[in-house]
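First up is the structure itself, then whatever we jot down about it.
We count residues from 1, following the sequence as given. Please read these numbers as outputs of a predicted model, since none were measured by experiment.
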Amino acid sequence: METTAPRIHTAPARTILSVSGPEARALLQRVITADVETLEAGQCRPGGLLTPQGKLAADFLLFADGETVWLDVPGATAENLAKRLSMFKLRAKAEIVIHTDLAALWSEKPFENSAPDPRLGGAVHRGIGAEAGEAVSLDAIEILHGIPAFGRDYGEAETFPTDVNLDVYGGIGWKKGCFIGQEVVSRMKRRGTIRKRSLSLSFSDDAPASGTPVMAGTSTIGEITSSHGPHAIALIRLDRLETASEPLQAGGQPCTARVPDNLRPDAPAAKV
């Protein structure tokens, strides 16, 4: 029986960066949030570079290929990210390169050298290669699943990685040792002060625009950061949501918030 070939798309506004060499993984391991030493070929893992204050300077998806680690990054941050990594390189035997001949690829089915996006439960497969097919945004899929994105839902040094759920998708290696900003986010985790999370909201009509407050009665519990059709992502104070005694609404429309088990305050961190 014939199987349908996967329809591969180019993800717009993404740039491919590589860190390669015998000390590439060691360099990244001591700088970024994700555990790079355990990243294997055929895997895709989110990660981020934090400011010393623990906020996201940039985030990305990571792929491994021997001594080379590939980073699929928002295009607007690629040059700054490469410069920042070069600052931390010191004498490490690693080369940092931006690849203008490569593109970030995605499909709803597996394709050659692709890996499932761990944030989307296998609904999307990601890869790197020559530009393929038409450029198709992932916004609709990500917003439907409550996946916030750099440049759409938050900007540089605006949010903690836990605000945008990087930890629950395996993007923070809590046991791997130090990284830039690690002291701040580790302290938040130890003290149980992770109160904000990016959640998926559903409306009966088109969702309000970014910046619209999310209300429970007269109390503001969060703010919409992006929307598409009847779905939105909002940065919500979980403690206020849990104690809310009145229905949620935003922009005068009633809505419902989905709080997955792994985003609840007492949920265990992803084991990476």
Charged N-O contact under 4.0 Å between [X] and [Y]:
X	Y	result
R197	D167	yes
R25	E67	no
E156	R84	yes
D163	K196	no

What pair of heavy atoms forms the shortest contact from [X] to [Y], and how long is it?
X	Y	answer
D153	S226	OD1-OG, 2.6 Å
V184	G54	CB-CA, 4.1 Å
A216	A244	CB-CB, 3.7 Å
Q249	G217	NE2-O, 4.3 Å

Is there a chain of hydrophobic side chains (I, L, V, M, F, W, Y, each step under 4.5 Å between heavy atoms) that links [X] to [Y]?
X	Y	value
L201	L120	yes
F150	I32	no
I180	V36	yes
F60	L27	yes
V73	W106	no

So do the side chains of [X] and [Y] get within less than 4.5 Å of each other, counting heavy atoms only?
X	Y	answer
E108	I141	yes
V185	F179	yes
L166	P46	yes
E142	V124	no

Before giving the answer on side chain to side chain contact (heavy atoms under 4.5 Å, CB included), spell out for V214 and T220 the whole-Å C-alpha distance, their side-chain angles and the decisive distance to 0.1 Å.
CA-CA 6 Å; V214 180; T220 301; over 6 Å; no
Please assess Y169 against D117 for the test side-chain hydrogen bond (donor to acceptor under 3.5 Å, both in side chains), listing each intermediate value before the final yes or no.
CA-CA 10 Å; Y169 303 132; D117 187 331; over 6 Å; no
Intermediate values then yes/no, side chain to side chain contact (heavy atoms under 4.5 Å, CB included), L50 and L56
CA-CA 4 Å; L50 306 186; L56 275 168; 3.6 Å; yes
N/O donor-acceptor pair under 3.5 Å between S86 side chain and A82 backbone:
yes
Heavy-atom donor-acceptor pair, S18 side chain to S20 backbone, under 3.5 Å
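Between the backbone of S20 and the side chain of S18 there is no qualifying donor-acceptor contact (under 3.5 Å).
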The test is side chain to side chain contact (heavy atoms under 4.5 Å, CB included); show your working for I221 and M215 and say whether it passes.
CA-CA 6 Å; I221 67 167; M215 312 292 294; over 6 Å; no
Take I236 and E223 through the test side chain to side chain contact (heavy atoms under 4.5 Å, CB included) and record every step on the way to the result.
CA-CA 7 Å; I236 298 289; E223 182 178 289; over 6 Å; no
For T38 and R45, does a side-chain donor sit closer than 3.5 Å to a side-chain acceptor?
yes
Under the criterion side chain to side chain contact (heavy atoms under 4.5 Å, CB included), which of T77, V69, I98 is the partner of L17?
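Between L17 and the candidates, side chain to side chain contact (heavy atoms under 4.5 Å, CB included) is satisfied uniquely by I98.
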